[in-house]
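Beneath this line is the structure, given in structure tokens, with notes to follow.
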Amino acid sequence: MPDAGNAAAVRPLVFHPQHARSELARRLRSAVEGAVLFDAASRGRYSTDASIYQVEPVGVLVPRNDADVRAAFDVCRDLGVPMLPRGAGSSQCGQTVGAALVIDHSVHLDRVVAFDADARTITVEPGIVLDKLNAWLRPHGLWFPVDVSTAAQCTLGGMAGNNSCGSRSIAFGNMVHNVVAIDALLSDGTAARFGPEAAMRGGGPRIRTLVDGLRAIGERERAEIEARVPTVLRRVGGYNIDVFHPRSERPYTPDGSVNLAHLLVGSEGTLAWTRTLTLELAPLPQHRTLGVVNFPTLHRAMACTRAIVGLKPSAVELVDRTMIELARSNPAFRPMIDAALIGAPDAILLVEFIGDTADIPARQLDDLCALMGDLGLPDSVVRMTAAAPQRALWEVRKAGLNIMMSMRGDGKPVSFIEDCAVPLEHLADYVDRLSAVFRKHGTRGTWYAHASVGTLHVRPILDMRRDGAVRMRAIAEEAGALVREYKGAFSGEHGDGLVRSEWVAWQFGPRLTRAFEEIKALFDPAGLMNPGKIVRPSRMDDTTLFRYPPGYRAEPVATALDWSAWDVRSDPVTGTVSAPGTGGDPTRGFGKAVEMCNNNGNCRKFDAGTMCPSYRVTRDEQHVTRGRANTLRLALSGQLDAGLASASVRDALDLCVGCKGCRRECPTGVDMAKMKIEFQYHWQRVHGLSLRERVIAWLPRWAPWAARLSWLANLRERLPGAARLLQAGTGLSSQRSLPRWRRDTFAPVQPGGPTTGRVDVVLFVDTFTHYFEPENAYAALAVLQAAGYTVAIARADAGDATPSRPLCCGRTFLAAGLVDEAKHEARRVVAALAPHVASGAVVIGLEPSCLLSFRDEFLVMGLGDEAQRLSEHAMLLEEFLAREHGAGRLRLPLVALPESHALLHGHCHQKAFDAVSPARTVLQLIPGLTVDVIESGCCGMAGSFGYDAAHFDVSMRMAELSLLPAVRNAEAATLIVADGTSCRHQVADGTRASGAREAVHVARVLVRALAPTAPPAVV
Ligand SMILES: Cc1cc2nc3c(=O)[nH]c(=O)nc-3n(C[C@H](O)[C@H](O)[C@H](O)COP(=O)(O)OP(=O)(O)OC[C@H]3O[C@@H](n4cnc5c(N)ncnc54)[C@H](O)[C@@H]3O)c2cc1C
Ligand code: SF4
Ligand code: SF4
């Protein structure tokens, strides 16, 4: 048992009388400009972070400015309500959950306040995200070098709160080594700049009393500080009382003087609110080399680390065998990790060297190779000197935890001893002995991360719904004994929060624990700042604070889609996963799929990738994949009153455009697009559908009539005022043009092509292409035939009830949650294509969202083996042509076009299925054509989403993030290529006012480039 001193087992302050909550909300609303969120769903979304805990906050404030925070402090102080500052909420230990008013600074408080290039300092508001800050600094040749793995999400305020540390801490230190000053607000309303102690003595009486009090504690506890505070670089538990008597391997200040901002760093929001931070910057490293050392055993890797650190690298990072295998099982990571391997190592160390001139890191890399020879491992180093493979491998390493969390079943890797730090000479023994502890307790751990500083991440797999709490404590106690024996730190990176504050007394002893309480009382006498963290903690295994307490169970749900792949059990030791559908989940796996979200916040992205477009424009926790998954989880487990088909869930999913960005980019594979279909199914069964939703959903059924009466169907575009009338009646935005119905729908002269006998390919012409843009299908047919393939057109099976109606994938039904109707359409497709698939033909489609549903949604509709086989034969036109080209089989006679440049915009589903690069490959076959891919997320149209008047604004803002500016800036002679019909529509609508641009399907570019000698198409 940890020696919890006299502070143990005191529960966090709990504040929830309903009348006080209403009073707080009322007063806040009249005092602040920012959002005041007190509804159950919002509080639920802020009740978790990346830890195992869940505590409902009193309410949430999203301040617009500093004045809002001050006003909130005044109101909270008046009512005695605790306050909890929060950034991205990516803490792993429960720092940001509590029964308090959560103040989320990540939305609006993210400005750069001051910058001094010569002094290499910058002052920022707490909500600025690290990647954004570093992007801002790049043109100045500078960076903030505390490079945490969550750089794309974490805020500087949160980094300071946790005393965060990056992979390169051995060279640059932790947050505490890089913060110069903090402008803070105390809970009593006092504002002060925390910096050098001497300067602070010139402050007002409140601050002088504070500084004197702190100094007195520091002097009094000198001996205890020396006896109890570990000397390792990575020690982030407790308060940094060692500012007064430095213990860190790396001094906090160059001259050993006391800077009281360093006491706030790592204080987890328990002492003061950080209003701005002044940071020390470093020059951007000019040259880097990476040596990847391959080891036959993990023990050997750890035993060699100390010698490697002697070479003065900027980072030494461990990746073990399990992590290597998990990374190799992910198609996106496999090539990156394979490039680093020699044979099948048990562990690798990524050893990085940096320097201002190229020769320094190059020489150090040579030294590494020589050292490994001396240590008996010659030829064990993969030398990576080019930037691209280095970057790629760092991405794999940074994704470490997330790769590990993709494990299905109730057993999950749990953070509680994941960041213990031990001196390097003991690292190998520590790993061996802790692994034995895991075995003893019937679990295992995967090892990775910061070998350079003795901080290895390891998370034993535990099932918190069953016996996880008991085993967690037992393992923590044995791990703690090892850390003590090796004179290490119990927390070397992630902090205390709810999981480790109990261990503060164990680490620092009763005297320093009391000193910490005194420090807390000096700053925050009323105990209003993030209570229950660092001092006066709860127990780590208090199951009432767990997100998944023992007995946690979701309510039964009769799902429309097949989620059985998630309804499994996994063995914590062997990793064996039981058969789909055997996990005993009353939601048939749907709940388990939702619970794959571990709240790490990776979806709070702004720049890279696609995920999550709605968050990028609203920055609202409700509109990010994490917020949606949390809302669903709460609804499914009966924690939101009205359950799954409730308005809270609808609101959270309303702006989800079903782009599938999360399906690909969420590290644990949360597939919100599919979850939205499931939700829509339940919603429409309870609440029905609006007229607009019904009209759009049933489009495939009434389309033949609209085509025949196209003059009538297109009337809205010609009659003045009709668009507005239609908006009033249906909610279809009057600001949108509508697709033009065609009388000349797709009808090739030889309708089926050579339908008898075996064909090479079957062209699936979707509803949108058929009725609105048949020229795309003609183009594709011509291109395929010019390349010498025999083509059949996909048509309904002769036994079909409506054989003359074109085939349709059913997407419009799916989007409305009409899953039964979508299944009907899907069955027609599967039946019609089965004979072709059986004969080995490739099924080719043009519209990404239609064709790719054969490889996605069709597989969760219970359509049987034929659907599975179809999915294996279904390709987009560009995927097929690129494959044939790669295999050396493509004979497509192409000539140069008048245009020499094309801009390619990938449809979200193309991106989700890695199908953008084939489009680029194929376009590049056109002589003289350079192709650039627009680094864009969702175009904002997303099927019918952008046609809805209520979504028009968000839709356009999504498009304005990158797609529309890129199109507007393109030369008039540049081709704009987009394979999605809605993307093309968005380009047309979004450029109408500024010189209309037309985007075209890749097939239409190719058909124009066909050599005149190409055989005429049989159309
Ligand atoms: C997958 C994954 C990888 C991670 N990798 C790393 C890593 O490499 N290195 C590392 O150190 N950590 C890592 N973490 C932990 C976490 O991401 C970092 O600690 C991060 O810096 C926290 O930033 P945040 O904005 O999410 O802060 P939050 O989690 O929102 O807050 C962190 C703490 O700071 C306090 N705080 C926030 N804002 C203020 C303010 N304005 N005033 C006072 N206190 C405030 C909060 O109350 C809380 O106690 C990782 C987490 C995950 C999930
Ligand atoms: S949805 Fe995925 S990326 Fe977002 S927090 Fe959950 S697990 Fe992380
Ligand atoms: S499908 Fe797209 S919009 Fe919806 S949650 Fe996923 S990334 Fe966000």
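All values below come from the heavy atoms of this structure, side chains included, with hydrogens, waters and symmetry mates left out. In this text, all values refer to a predicted model and were calculated from it rather than measured experimentally. In this chain, residues are counted from 1 in sequence order. Whatever order the structure lists ligands and atoms in, that order sets their numbers, starting from 1.
Using a cut-off of 4.0 Å between Lys/Arg side-chain N and Asp/Glu carboxylate O, Arg168 and Glu352 are scored as salt-bridged. Remark: Glu317 engages Arg397 in a salt bridge, criterion side-chain N to carboxylate O under 4.0 Å.
By the 3.5 Å distance cut-off applied to N or O atoms, Thr96 is not counted among the residues near ligand 1. Considering both main-chain and side-chain atoms, Val148 never comes within under 3.5 Å of ligand 1 through any nitrogen or oxygen pair. In terms of polar-atom proximity, Gln153 is not counted as a contact of ligand 1, lacking any N or O under 3.5 Å from an N or O of the ligand. Residue Ala50 has no N or O atom closer than 3.5 Å to an N or O atom of ligand 1. Remark: ligand 1 and Glu493 share an N or O pair separated by less than 3.5 Å (distance only, no angle test). Between Gly89 and ligand 1, an N or O atom pair is found at a separation short of 3.5 Å. Below 3.5 Å of separation, one finds an N or O of Ser90 facing an N or O of ligand 1. Annotation: Asn600 places no N or O atom under 3.5 Å from an N or O atom of ligand 1; distance criterion only.
Close approach of ligand 1 to Gly87 (heavy-atom distance below 4.0 Å) involves ligand atoms 25 (O), 28 (P), 30 (O). Near Met159, the atoms of ligand 1 lying under 4.0 angstrom from a non-hydrogen atom of the residue are 21 (O), 23 (O). Near Pro126, the atoms of ligand 1 lying under 4.0 angstrom from a non-hydrogen atom of the residue are 41 (N). Interface of Ser164 with ligand 1, defined as ligand atoms under 4.0 Å from a residue heavy atom, comprises 11 (O), 18 (C), 19 (O), 20 (C), 21 (O). Close approach to Gln95 involves these atoms of ligand 1, each under 4.0 Å from a residue heavy atom: 48 (C), 49 (O). If you number the atoms of ligand 1 from 1 as listed, the ones under 4.0 Å from a heavy atom of Glu268 come out as 47 (O), 49 (O).
Within the 4.0 Å heavy-atom criterion, both parts of Asn600, backbone and side chain, lie near ligand 2. Only the backbone of Lys660 comes within contact range of ligand 3, with a heavy atom under 4.0 Å; no side-chain atom does. In Asn599, the part holding a heavy atom less than 4.0 Å from any atom of ligand 2 is the backbone.
Not a single heavy atom of Ala629 lies less than 4.0 angstrom from ligand 2.
Scanning all protein heavy atoms for the shortest distance to atom 6 (Fe) of ligand 3 gives Cys662 SG, 2.3 Å. Considering only non-hydrogen protein atoms, atom 44 (N) of ligand 1 sits nearest to Gly269 CA, 3.4 Å. Nearest to atom 29 (O) of ligand 1 among the protein's heavy atoms is Ser91 OG, 2.6 Å. Summary of contacts: the protein heavy atom closest to atom 4 (Fe) of ligand 3 is Cys656 SG, 2.3 Å. Of the protein's heavy atoms, Pro85 CB, 3.5 Å lies nearest to atom 39 (C) of ligand 1.
More than 12 non-hydrogen atoms from other residues, nucleotides or ligands lie less than 6.0 angstrom from CZ of Arg193. Within 6.0 Å of atom CZ in Arg111, 12 or fewer heavy atoms from other residues, nucleotides or ligands are found, so the atom counts as exposed in its surroundings.
His262 contributes atom NE2, which lies 8.5 Å from atom NE2 of His177 (distance to the nearest 0.5 angstrom).
Ser955 and Gln986 form a side-chain donor-acceptor contact under 3.5 Å, judged by distance and modelled atom types alone. Judged by distance alone, the side chains of Arg619 and Ser106 never bring a donor and an acceptor atom under 3.5 Å apart.
Not a single N/O/S atom of Cys603, whether from backbone or side chain, sits less than 2.8 Å from atom 6 (Fe) of ligand 3.
Here Phe523 and Phe194 bring their ring centres to under 6.0 angstrom of each other. His623 has its ring centre no less than 6.0 Å from the ring centre of Tyr615.
Exactly one of Arg234, Arg235, Arg500 qualifies for a salt bridge (Lys or Arg N to Asp or Glu O under 4.0 Å) with Asp419. That residue is Arg500.
Around atom 8 (Fe) of ligand 3, the closest heavy atom drawn from Ser614, Gly658, Ala942, Cys612 belongs to Cys612.
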